[in-house]
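Since the structure comes first, as structure tokens, the remarks are kept for the end.
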Amino acid sequence: MVLVHHLRLLPPDFGTGDVPMRRAHEDKRLPGFRILNWHFYFTAMLFVYGRILSHQLVNTVTSDKIFYKLVSKLIKYQMVICYFLYIAGVMWFILTLKKKMYKYQFGQFAWTHMILIVVFTQSAFTVANIFEGIFWFLLPASLIAVNDVAAYFFGFFFGKTPLIKLSPKKTWEGFIGASVVTTISAFVLANVFGHFQWLTCPRKDLSTGWLLCDPGPLFKPEYYPLPGWLSRWVLPWKEVAILPVQWHALCLSLFASSIAPFGGFFASGFKRAFKIKDFGDSIPGHGGFTDRMDCQMVMAVFAYIYHQSFVVPQDYTVEMIINEILRSLTLEEQQILYTKLGQILQERMVEL
């Protein structure tokens with residue numbers, strides 16, 4: 001889990017000067033302080049993922065009336081529960097304050113909140129992307145990986161001009177070459193991924209079965225005729241099939257190649273500020289898992305915002321209204337709505 005890794009990326013000797021980082025000998029003087037950090041972690045997880053997964057969870061347990069009522073009540077009061085859990089954590093923190101340890105304790109309190117905000121923000125958007133369809137998680141993540149690898153190889157073989165002082169090994173040649181490769185890859189990968197329904201269908205519950213749905217206009221090919229000279233002398237086709245989502249993929253690739261790398265530059269500056277080379281060592285020569293996730297954080301947020309702004313239809317459709325009813329109303333409320341709609345339709349039929 002990315003968050004667990006982030007909570008552990010502050011080793012005993014991390015940081016210099018007066019920066020209040022975790023120190024083993026001070027932790028021993030504060031029994032239960034680490035448990036308090038985990039309390040904030042689980043509270044944040046319950047708040048964020050509870051808000052995102054609540055509708056899918058309700059749809060999953062509709063067959064069991066008792067469990068359905070229990071889950072519905074928990075979801076209804078989820079925000080109140082999370083609030084009082086957080087207040088309990090703050091009170092716990094205040095009651096454990098010790099003389100000559102205030103600076104360290106408040107430093108740890110601040111670091112815990114910063115890590116939770118940064119990590120949970122991007123992870124929440126990542127989960128939301130998955131429920132819109134695995135396509136909207138897999139494509140952006142793949143573009144970041146492609147851009148990272150392409151920048152390395154272009155910079156290694158052709159790099160001469162430094163790009164930014166924070167990362168001396170980053171070059172303009174690597175940046176431009178990676179941008180071209182990422183754009184081409186986005187167009188191709190969107191076509192490949194777009195042909196698999198289990199990647200494109202949105203997930204409405206927490207079941208693990210294969211997804212089947214109407215692909216929608218984004219994933220239905222549109223045919224474009226080729227110029228006569230091109231189809232006669234170069235290509236054997238008279239027309240080419242392109243999925244509309246491939247044009248959206250180009251926008252994602254533009255962000256992945258030009259803006260997302262600044263997430264990596266930010267991480268580089270952070271590591272240099274505290275004089276560490278990498279966040280981990282699980283990948284020889286490339287740091288740890290967290291070192292590969294810096295750009296993904298920025299990309300996940302953008303992918304969600306782009307999808308909601310430019311991909312999701314702004315006009316209400318019958319399917320969108322039905323989904324909203326299933327998400328927002330309890331089973332009893334849905335039955336009442338069904339009865340009232342039937343009465344309204346019968347009255348209109350009589351008037352006709």
Side-chain angles (χ1 to χ4, degrees), residues 2-3 5-6 8-11 13-17 19 21 111 114-115 117-119 121-123 125-126 129 137-190 248-306:
V2 177
L3 180 57
H5 191 84
H6 275 76
R8 293 174 178 172
L9 60 81
L10 300 179
D13 58 348
F14 181 66
T16 56
V19 180
M21 299 301 175
W111 273 107
M114 187 198 76
I115 292 172
I117 291 171
V118 171
V119 176
T121 298
Q122 64 88 21
S123 61
F125 282 109
T126 299
N129 288 338
F137 160 74
L138 187 60
L139 180 66
S142 300
L143 295 182
I144 291 297
V146 168
N147 185 263
D148 198 21
V149 173
Y152 174 80
F153 280 104
F154 274 90
F156 183 81
F157 290 105
F158 307 105
K160 294 182 180 179
T161 311
L163 175 64
I164 187 170
K165 291 182 179 179
L166 281 174
S167 299
K169 293 183 179 180
K170 305 286 186 183
T171 63
W172 275 104
E173 291 79 5
F175 182 79
I176 296 172
S179 299
V180 174
V181 172
T182 304
T183 302
I184 297 172
S185 299
F187 201 73
V188 174
L189 289 175
H248 291 291
L250 293 179
C251 297
L252 293 177
S253 71
L254 182 63
F255 185 90
S257 58
S258 58
I259 308 298
F262 280 85
F265 300 152
F266 176 86
S268 296
F270 183 87
K271 288 183 283 188
R272 287 181 179 278
F274 297 104
K275 299 180 180 180
I276 61 172
K277 185 178 185 296
D278 295 306
F279 287 128
D281 55 4
S282 57
I283 307 175
H286 294 276
F289 181 70
T290 307
D291 295 277
R292 306 274 67 80
M293 294 297 294
D294 38 26
C295 298
Q296 296 285 4
M297 295 181 182
V298 182
M299 191 67 193
V301 178
F302 174 76
Y304 179 81
I305 294 173
Y306 181 88

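All values derive from a computational prediction rather than experimental measurement.
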Rounding to 0.5 Å, atoms OG1 (T161) and CD1 (I176) come to a distance of 8.5 Å
What one should report as the nearest heavy-atom pair of P261 and C295 is CA-SG, 3.7 Å
Closest heavy-atom pair, G263 versus V298, reported as atoms and distance to 0.1 Å, is CA-CG2, 3.9 Å
Across all chains, not counting sequence neighbours, the side chain to side chain contact (heavy atoms under 4.5 Å, CB included) partners of I259 are F255
Contacts of F153 meeting side chain to side chain contact (heavy atoms under 4.5 Å, CB included) (sequence neighbours excluded), chain-then-number -> V149, F157
Side chain to side chain donor-acceptor pair (under 3.5 Å) filter on T121, not counting sequence neighbours, yields none
Scanning both residues in full, the closest heavy-atom pair of A300 with F125 reads O-CB, 3.9 Å
Let's go through V181 and F154 carefully: what are the C-alpha distance in whole Å and the side-chain angles of both, what is the deciding distance for side chain to side chain contact (heavy atoms under 4.5 Å, CB included) to 0.1 Å, and is it a yes or a no? CA-CA 10 Å; V181 172; F154 274 90; 3.6 Å; yes
The side chain to side chain donor-acceptor pair (under 3.5 Å) partners of N147 (sequence neighbours excluded) come to T182
- prompt: Quick check: are there more than 12 heavy atoms from other residues, nucleotides or ligands sitting under 6.0 Å from CZ of F137?
  reply: no
Residues 248-264 vs side-chain hydrogen bond (donor to acceptor under 3.5 Å, both in side chains), sequence neighbours excluded, gives H248-Y306
- Message: Quick check: do T183 and L250 have side-chain heavy atoms less than 4.5 Å from each other?
- Response: yes
On a heavy-atom basis, the closest approach of A249 and L139 is CB-CD2, 3.9 Å
Applying side chain to side chain donor-acceptor pair (under 3.5 Å) to T171 and not counting sequence neighbours gives none
Item checked: Whether E173 side chain and K160 backbone form a donor-acceptor pair below 3.5 Å -> yes
- Main-chain N/O of I144 paired to D148 side chain as donor or acceptor, under 3.5 Å: no
One should read off an interatomic distance between L143 CG and L189 CG, to the nearest 0.5 angstrom, of 6.5 Å
Tightest non-hydrogen contact, residues M297 and V118, listed as SD-CG1, 4.2 Å
Separation between CG (L163) and NZ (K169), nearest 0.5 Å, reads 15.0 Å
